[in-house]
Each structure stands twice: as C-alpha cells, then as structure tokens.
Colleague: 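Structure incoming, see below.
The sequence lines fix the lettering, A, B, ..., with proteins before strands; numbering per chain opens at 1. Quick note: numbers below take in every heavy atom, side chains included, and nothing from hydrogens, waters or symmetry partners.
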2 protein chains.
Amino acid sequence: VSEVPDGIDRNSCLAADMADSLRPLRDRFSIPEGTVYLDGNSLGPLPAGAPARADSLLGEWRDRLVRGWRDRGWMDLPLRLGDRIGSLTGAAPGQVVVCDSTTINLHKLLLGALRLAAPRHVVLTEAGNFHTDLYAASGAAPLLGAEVRRVARENLAEALDDSVAVLLLTHVDFRTGEMHDMEALTRQAHAAGALVLWDLSHSAGAVAVELDECAVDLATGCTYKYLNAGPGAPAYLYVARRHQERLDSPLRGWLGHADPFAFAAEYRAAEGIRRHLTGTPPILQLAVLDAALDAFDGVDVQALRARSLELTALLVDLVDARLAGSGVEVVTPRSPERRGSQVSLRHAQAYGLVQALSARDVVGDFRDPDICRLGVAPLYTSRVEVWDAVEAITIVLEAGEHLDPEYATRAAVT
Amino acid sequence: VSEVPDGIDRNSCLAADMADSLRPLRDRFSIPEGTVYLDGNSLGPLPAGAPARADSLLGEWRDRLVRGWRDRGWMDLPLRLGDRIGSLTGAAPGQVVVCDSTTINLHKLLLGALRLAAPRHVVLTEAGNFHTDLYAASGAAPLLGAEVRRVARENLAEALDDSVAVLLLTHVDFRTGEMHDMEALTRQAHAAGALVLWDLSHSAGAVAVELDECAVDLATGCTYKYLNAGPGAPAYLYVARRHQERLDSPLRGWLGHADPFAFAAEYRAAEGIRRHLTGTPPILQLAVLDAALDAFDGVDVQALRARSLELTALLVDLVDARLAGSGVEVVTPRSPERRGSQVSLRHAQAYGLVQALSARDVVGDFRDPDICRLGVAPLYTSRVEVWDAVEAITIVLEAGEHLDPEYATRAAVT
C-alpha cells in the first residue's frame with residue numbers, strides 16, 4: 001500500500017466535500033451515477049436545465065415559426081449570451097459576442113488584427129499552441145502577406161520584436177495544463193507594440209479570467225469545455241471596446257451589417273461587437289448555452305478558482321504519494337499561479353492507461369504521445385472523485401490493465 | 001366578388017389535396033393548426049421527429065459524455081449528412097459536407113476558387129444577389145487582390161470575360177423567386193474559363209437541383225429553409241470531386257486536417273471534402289438536421305418539384321383572378337422553368353399587408369421595399385392553404401387592414 005499525505009483518506013475527502021459550500025452546484029448537472037468524470041476540459045457534462053430549455057426552444061419554433069426571431073428574442077441571443085460569458089471572463093458588457101466556432105473566430109480576429117497592426121506582419125505564437133490555433137494562423141497570415149512565427153514557450157518574450165503584429169496564445173495549455181500569466185504577457189506584448197489574442201478554450205469557466213483588467217485586446221474560446229454547452233456548441237469572441245471601431249472583420253456576413261434587414265448592396269459594418277456576427281446564429285445550441293450558463297448563476301469566479309486549485313493540488317499530492325515509482329510523472333506545474341484546471345500525467349502507456357480507466361468509468365483523456373489528462377471542473381468535481389481516480393490508476397497500473405493488447409491500436413479521441 | 005379561374009374554388013382545392021399522393025408528407029411536420037404557413041423559404045417548420053432526436057442526443061451527451069464522439073457516431077455526422085443532402089441536390093457521395101454557415105462557406109469557397117483560378121481576379125455576381133453573398137465576396141476578394149464585379153441579371157453572360165475567376169450566383173432569387181438556368185449558366189461560365197459557385201439556400205429541398213449533371217464546380221446553402229433544420233441550423237458545401245484535390249481552404253481548422261488527433265504542428269489538408277471542416281461540429285443541430293432530412297425519405301425530388309410548380313401556378317392564377325385592380329402585382333416569373341418555389345407580390349403597402357396577414361395567421365414575409373413573399377413548400381403546403389391565403393389577402397385589402405397605423409413603423413423581419 002502506497003503512502004498518502006498526512007490525514008488524507010477517502011473518508012476525509014468525503015467529509016470535506018460535505019462541508020464544502022460549493023458542493024450543491026453539482027446538482028446543476030446530470031452526471032451518470034458511478035462515473036468519475038475528469039474530462040470536462042474536453043466536453044462538459046449535460047447541465048440539468050438543458051433538456052427543458054431545448055424542449056422549450058423547439059416548442060417556440062413549432063408554435064411561432066419564423067416569428068420566433070422577433071417575439072422570442074432569438075436574434076438577441078448572440079449579444080445577450082456574450083455578455084453572460086463576459087461576466088465570467090472579466091469583460092464589461094458589449095465586448096463579447098457568441099458566434100461561429102473558435103477556429104472561425106481565430107480567422108476573423110487574426111485577419112482584423114493583422115490589418116490593424118500593418119506594416120507589422122508577424123503572428124507570434126507558441127510552438128505548442130493548440131493545433132487549430134496554429135492551423136488558423138497558418139491559413140490566415142498569408143492572405144495578408146504576413147507570416148507565423150512559432151517559438152518555444154520560454155522564448156516568447158524575446159521574440160516580441162517590432163515585426164510582431166499579434167501575439168496569439170492559449171491561456172491554459174491543452175496538453176500540460178500550464179497557464180500563462182495573462183497580465184504579464186499582455187503587458188509585454190503592448191510594450192513591444194503588438195496586439196494580443198488569447199484563446200480561452202481551456203480556461204474560461206474554471207480559471208479566473210480578467211480580460212478588461214489585463215487590458216487584453218482580443219480573445220476567443222469555445223463553450224463546450226468548462227462552459228458545458230454541449231458537443232460542438234458555438235464559440236465566442238471578445239474585442240476590447242477601444243478597438244471595436246477600427247477592427248474590421250474580412251469575414252463579412254449579413255448579420256454583421258449595420259442594418260441587416262435593409263438588404264443594402266454595400267457592406268457597412270455594425271457598431272460595436274455585433275459586426276463580428278456573420279451568418280444566422282444557431283438558436284437551438286444558443287438556447288442550450290443559455291441553460292449551461294445558468295449553472296454559474298450566483299457563483300463567484302474567484303471561489304471557483306480556489307476550489308479548482310484545491311482539487312488539482314489534492315490530485316497532484318495523491319499522485320505523488322501513491323504513484324511514486326509507477327512510471328507516472330506529473331507534468332502540470334505545481335505552482336498554483338501556473339496551473340490551469342487539469343492535471344496531466346505522463347506515462348509510457350498513457351493511451352492504455354486512459355482506456356483502462358475508462359473501462360472502470362473513470363474518464364480522462366489521452367493526448368499524443370504519452371499524456372493522460374485529468375480535468376477538474378470546480379462546478380461539479382468532488383474530492384472523493386479525485387481520490388477514486390487515483391485509486392483507480394493505482395489498481396490499473398498494479399494489475400497491468402493498461403497493457404491489455406486491445407489498447408495496442410489507438411482510436412481517435414477528442 | 002372577384003372572378004376565379006374556371007372550376008377552382010375552395011372545395012376543389014380540398015378535393016385535389018385529398019387526392020394527392022404526396023399529401024401525407026405533411027404529417028412529417030408539426031405545424032400549428034389554423035396557421036397558413038407560407039414562409040418556409042425563411043424558416044421551415046418543426047419536423048415531427050426533431051424533438052425525439054434532440055432528446056436522444058441530449059441523452060447520449062448525458063450518458064456517454066465525451067465518449068459519444070466515438071461510440072455514438074457524432075464525428076461522422078458532417079459527412080453522413082452531407083451525403084444525405086447530396087442525394088437531394090444531385091451530388092454523388094463524398095462531395096458534400098455539413099459545416100459552418102452559408103456565409104462562412106462562401107468565404108472558404110471564394111478564397112479557394114480565387115486561388116485556383118489565378119491570375120483571373122474577378123468574382124462576377126449579380127447586383128441583386130442575396131446580401132450575405134455580396135458581403136462575403138466583398139470581404140474575401142480583397143484578401144487575394146481580387147475584386148467583385150456586380151452586374152444586372154441580364155448582363156451576366158456578356159460580363160463573363162477572361163478576367164472572371166468565379167461566377168457567384170444564387171439559384172433562386174430571395175426577393176423575386178426567379179430561378180436561374182443552372183445548367184446554361186454553368187456551361188457559359190466554363191466556356192469563358194471561369195468556375196461557378198451556386199448558393200442553393202432558396203432552392204434545395206423544393207426545386208430539383210442537379211449539381212453533378214450540371215457540372216457545377218462549387219455550391220453552398222443553408223438547411224433552415226426548405227430543409228427544415230431549425231433557426232440558424234448549419235450549412236453545407238459542395239466541391240465537385242474533380243476539384244477536391246486542388247482546392248484548398250485558407251480557413252484552416254483542426255477537423256480539416258488529414259489526421260486531427262495526431263496534433264501535428266504542420267497543417268496537412270484531409271483528402272476529399274473533409275478538408276472543408278474547420279472547428280468542432282455542432283452535434284445537437286446536426287441531430288435535428290438528421291431528423292429534418294428524414295422528412296424527405298422515399299420522396300422523389302422531381303415529384304416535389306412538380307407539386308411545387310402546381311402550387312405556385314395555382315397561387316399566381318388566383319392572384320391574377322381575384323386581386324386584379326387591387327394594386328398587387330406578381331413579380332415571380334410565370335414561366336415554370338424560371339420560377340423557384342415562392343410567389344412574390346409587389347404592393348405599395350407590402351409591409352402592412354404582410355403584418356395584417358400575419359394577424360390572420362397567414363404567414364408570409366416582407367422584403368424591402370415593397371415585396372410580400374409567399375413561399376410554397378411541396379412537402380407540406382396544401383392547395384387549400386393557397387386558396388385561404390389569397391382569400392385572406394382579398395379580405396385584408398378590401399377592409400384596408402394593411403393600412404393600420406400600427407404598421408407604419410417597420411420592425412425587422414427575417
């Protein structure tokens with residue numbers, strides 16, 4: 001039997017859960033009994049209010065038909081939900097809009113930023129950035145004669161020279177869970193004369209994000225991870241008010257027009273954040289997003305962050321204590337200010353480990369080549385689940401379940 | 001009392017409906033009793049199977065969580081549903097994918113086509129094209145040093161010179177309901193060395209579209225009009241197989257990568273139509289689209305087209321007979337091969353007319369400045385509804401209901 005940190009056992013975890021004032025938030029989700037779900041950083045669970053909201057939207061569609069656009073407020077959803085996300089990410093109203101996907105929003109914002117910052121012509125990013133960020137940049141930059149410069153994380157500051165138009169970073173690294181210092185990097189980018197574009201996909205909803213306070217220029221993120229809006233739910237984007245008038249999106253569409261229903265031949269961008277709308281918004285997904293955001297009602301983001309850090313610290317401590325010598329290595333930073341809301345473990349058979357855990361209903365995910373990601377969501381993850389996950393890893397590794405030949409061939413995971 | 005065409009009255013319409021073998025298709029939709037819905041060309045009605053499908057998807061999300069991507073086939077939906085739409089638009093499998101919005105797909109395809117056709121540098125389009133098409137072109141073209149040439153419909157052929165890279169047209173005009181000759185214009189574009197990109201938003205699902213047979217290069221369209229997939233449902237795009245290998249999308253995203261889960265730093269476009277995927281697909285909307293396409297199961301597109309033409313002809317005949325001298329003018333072409341699946345009426349107080357009809361639960365829509373659009377959907381519109389709509393127009397105009405001061409100020413409509 002491995003050693004555990006002083007005074008921590010399953011019962012103490014249970015007791016701490018019961019004493020936790022945020023514990024009832026879990027009831028805002030429908031999580032299958034018996035599943036230890038540590039993959040909310042890939043796809044958040046079903047919010048309890050989502051089915052009723054979806055049903056209600058389908059009823060509006062059935063009964064009101066096209067009139068729902070006007071008399072059920074459908075057309076207002078992108079901005080109204082944008083403001084709700086703004087309140088979770090430290091953005092004052094009128095700076096966030098829900099639209100398209102993270103990928104498409106990266107295109108819009110990169111193209112807009114490159115035009116704004118010309119003759120600067122470099123998108124500076126981290127070599128280990130999430131791939132859709134790298135791909136979007138590699139597709140967008142050449143359209144404006146710009147280029148992408150990918151450097152290692154530790155060389156970002158020195159690469160910020162006067163050719164850099166925009167610094168493109170993901171707040172929390174999808175693979176390691178390492179968190180950038182948003183305030184410091186934004187300040188450094190500004191000192192170098194560059195704009196900064198943050199991808200919040202792996203942070204918003206679990207980590208305190210302060211877009212206005214950090215003087216961020218641009219941001220985007222998905223809503224299906226810690227915001228729990230369902231598979232492929234729409235994304236959002238943020239443009240700081242000071243840039244809104246000058247930042248154009250070349251991805252023009254009718255709903256970004258100043259007067260969409262005038263059907264004017266010439267494009268005239270809407271005022272404010274609305275100009276980043278393109279096509280018709282996906283109302284059913286937006287209704288579910290609305291229900292998903294209800295799960296944050298009355299919740300203090302700083303308290304969520306504190307709970308997240310407590311859970312990830314517990315996970316790191318238990319891995320250290322119980323998995324020493326098992327070939328498992330914690331790759332997520334131990335220092336709280338550099339840690340997002342996940343703990344990533346390196347293991348030579350990480351793929352098999354993730355599959356064997358899943359067979360035991362402990363759901364994490366695998367990231368190539370050797371990472372087992374365990375996401376912690378402060379709205380619903382409990383201490384006893386963290387305990388049970390480490391217990392399951394211990395059993396899997398001791399029993400060699402991760403070496404099952406079935407896991408020799410990898411299937412795609414998201 | 002106005003005169004009506006020989007032998008046509010409300011009872012004869014009812015009798016013809018009863019004798020119509022396609023009449024039972026209406027039961028595949030949930031349409032409110034008493035509503036005459038003639039705006040399916042803006043937003044189709046709720047397919048009867050949609051609520052159960054949405055509920056089932058929410059259940060998959062709840063129970064399978066992130067594992068749904070693999071074991072519930074979510075990841076296959078964009079291509080599987082693309083093929084289903086292909087079967088309605090004359091496209092052999094592997095050429096259509098469901099993704100993003102019509103607006104975003106226009107961007108992708110225009111940028112791809114402009115690159116493919118360089119040094120040709122003109123997007124030729126019709127001055128009266130739908131506005132998101134005009135706006136998308138005006139945003140995309142300058143990114144590649146190209147320009148947009150907008151000409152009147154009748155001057156398209158002569159404007160097809162050797163500078164034209166791509167001819168961008170909407171198959172059925174949103175305002176007048178006039179239909180282009182897809183085969184002839186595609187042939188003319190090819191003869192001039194240009195590619196052609198068709199927007200099918202106002203035709204697919206109600207008009208027989210033969211993409212392969214017409215040798216179309218590129219197409220896109222929405223799914224919320226005659227395909228009935230709900231407000232803001234995702235769009236689709238078509239790339240003829242002969243172009244797929246050479247046509248790149250600069251709007252790169254992770255799901256368009258040849259191996260998305262390898263998380264490779266360098267972008268490598270997937271084979272085939274899959275490369276036009278960008279971000280994570282919106283699964284709930286796709287599930288509802290799947291249910292919506294079920295309404296076409298076993299239905300012959302040519303039979304639908306025949307029924308649509310019969311309904312629009314009846315509408316035109318009744319308007320001619322009963323509204324002569326009322327200030328109403330039919331602007332939709334009377335010749336069947338030039339008519340889509342709507343009848344547009346011009347009237348000086350068209351806005352008031354549409355509102356007064358809506359108050360009587362006859363739902364059409366208004367298009368600036370003076371058009372009342374009445375859309376006919378062969379899956380569910382009946383002859384007696386056409387009769388009742390014309391009857392309602394007669395009453396509204398005779399009673400002056402359209403002159404209600406309440407309608408003096410226009411509200412936005414979609």
Colleague: Does CZ in A:Arg274 sit with more than 12 non-hydrogen atoms of other residues, nucleotides or ligands closer than 6.0 Å?
Modeller: no
Colleague: Need one label for A:Phe29: side chain, backbone, both or neither, based on atoms under 4.5 Å from any heavy atom in chain B.
Modeller: neither
Colleague: Testing B:Arg373, B:Lys225, B:Arg175 one by one against B:Asp365 for a salt bridge (Lys or Arg N to Asp or Glu O under 4.0 Å), which residue passes?
Modeller: B:Arg373
Colleague: Counting only heavy atoms closer than 4.5 Å, note whether A:Asn105 contacts chain B via side chain, backbone, both or neither.
Modeller: neither
Colleague: So which of B:Pro234, B:Pro51, B:Gly232 has the biggest tally of heavy-atom pairs under 4.5 Å with chain A?
Modeller: B:Gly232
Colleague: Mind checking whether B:Phe263 and A:Phe174 have parallel, tilted or perpendicular rings, split at 30° and 60°?
Modeller: tilted
Colleague: Identify the residues of residues 357-364 of chain A whose heavy atoms come closer than 4.5 Å to a heavy atom of chain B, ordered by number, or report 'none'.
Modeller: A:Ser358, A:Asp361, A:Val363
Colleague: Check the pair B:Thr278 / B:Asp100 against side chain to side chain donor-acceptor pair (under 3.5 Å), numbers first and verdict last.
Modeller: CA-CA 8 Å; B:Thr278 54; B:Asp100 299 311; 2.9 Å; yes
Colleague: Please classify the contact of A:Leu65 with chain B as side chain, backbone, both or neither, using a heavy-atom distance under 4.5 Å.
Modeller: both
Colleague: Return the option, out of B:Tyr37, B:Phe130, B:Trp61, with the maximum number of heavy-atom pairs under 4.5 Å with chain A.
Modeller: B:Trp61
Colleague: Can you tell which part of B:Thr103 gets under 4.5 Å to a heavy atom of chain A, answering side chain, backbone, both or neither?
Modeller: side chain
Colleague: With a 4.5 Å cut-off on heavy-atom pairs, point out which of B:Gly230, B:Ala54, B:Ala233 contacts chain A the most.
Modeller: B:Gly230
Colleague: Checking A:Leu57 against A:Trp74 for the side chain to side chain contact (heavy atoms under 4.5 Å, CB included) test, could you report, in this order, the C-alpha distance in whole Å, the side-chain angles of both residues, the deciding distance, and whether it holds?
Modeller: CA-CA 9 Å; A:Leu57 189 281; A:Trp74 298 348; 3.4 Å; yes
Colleague: Flag the pair A:Leu289 / A:Tyr236 as yes when at least one side-chain heavy-atom distance between them is below 4.5 Å, and no otherwise.
Modeller: no
Colleague: Do A:Gln285 and A:Thr223 have side chains that approach each other closer than 4.5 Å (heavy atoms only, starting at C-beta)?
Modeller: no
Colleague: Given side chain to side chain contact (heavy atoms under 4.5 Å, CB included), test B:Cys99 with B:Lys108 step by step and report yes or no.
Modeller: CA-CA 11 Å; B:Cys99 54; B:Lys108 288 181 208 166; 3.4 Å; yes
Colleague: Between A:Gly221 and A:Thr102, what is the shortest heavy-atom contact and its length?
Modeller: C-OG1, 3.5 Å
Colleague: So which of B:Gly139, B:Pro231, B:Gly279, B:Pro32 has the largest heavy-atom pair count under 4.5 angstrom toward chain A?
Modeller: B:Pro231
Colleague: With a 4.5 Å limit on heavy-atom distance, are the side chains of B:Trp69 and B:Thr280 in contact?
Modeller: yes
Colleague: What part of B:Leu284 is in contact with chain A, defined as an atom under 4.5 angstrom from a non-hydrogen atom: side chain, backbone, both or neither?
Modeller: both
Colleague: Between chain A and each of B:Asp63, B:Leu58, B:Asp248, B:Asp368, count heavy-atom pairs under 4.5 Å; write down the option with the most.
Modeller: B:Leu58
Colleague: Is it the backbone or the side chain of B:Leu286 that comes under 4.5 Å from a heavy atom of chain A, or both, or neither?
Modeller: neither
Colleague: Does any heavy atom of chain A fall under 4.5 Å from the side chain of B:Asn41, the backbone, both, or neither of them?
Modeller: neither
Colleague: Could you look at B:Ser101 and say if it's the side chain, the backbone, both or neither that has a heavy atom under 4.5 Å from chain A?
Modeller: side chain
Colleague: Could you check whether any side-chain N or O of B:Asn228 sits under 3.5 Å from a backbone N or O of B:Tyr226, counting only pairs where one atom can act as donor and the other as acceptor?
Modeller: yes
Colleague: Check each atom of A:Ala264 against the heavy atoms of chain B and say whether the ones under 4.5 Å are side chain, backbone, both or neither.
Modeller: both
Colleague: Under 4.5 Å from any heavy atom of chain A, what part of B:Ile104 do you find: side chain, backbone, both or neither?
Modeller: side chain
Colleague: For the candidates B:Pro47, B:Gly68, B:Ser138, which exhibits the highest count of non-hydrogen atom pairs separated by less than 4.5 Å from chain A?
Modeller: B:Ser138
Colleague: Please examine the side chains of B:Leu255 and B:Met75, heavy atoms only from C-beta on, and report whether any two atoms are closer than 4.5 Å.
Modeller: yes
Colleague: Is chain B contacted by the side chain of A:Ala140, its backbone, both, or neither, given a heavy-atom distance below 4.5 Å?
Modeller: backbone
Colleague: What part of A:Ile31 is in contact with chain B, defined as an atom under 4.5 angstrom from a non-hydrogen atom: side chain, backbone, both or neither?
Modeller: neither
Colleague: Which bit of B:Ala265 comes within less than 4.5 Å of chain A, counting heavy atoms only: side chain, backbone, both or neither?
Modeller: both
Colleague: Could you tell me which of A:Arg252, A:Arg62, A:Arg150 has the largest number of non-hydrogen atom pairs under 4.5 Å with chain B?
Modeller: A:Arg252
Colleague: Is it the backbone or the side chain of B:Tyr224 that comes under 4.5 Å from a heavy atom of chain A, or both, or neither?
Modeller: side chain
Colleague: What part of B:Ala229 gets within 4.5 angstrom of chain A, counting heavy atoms only: side chain, backbone, both, or neither?
Modeller: backbone
Colleague: Is B:Pro281 close to chain A through its backbone or its side chain, or both, or neither, when contacts mean heavy atoms under 4.5 Å?
Modeller: backbone
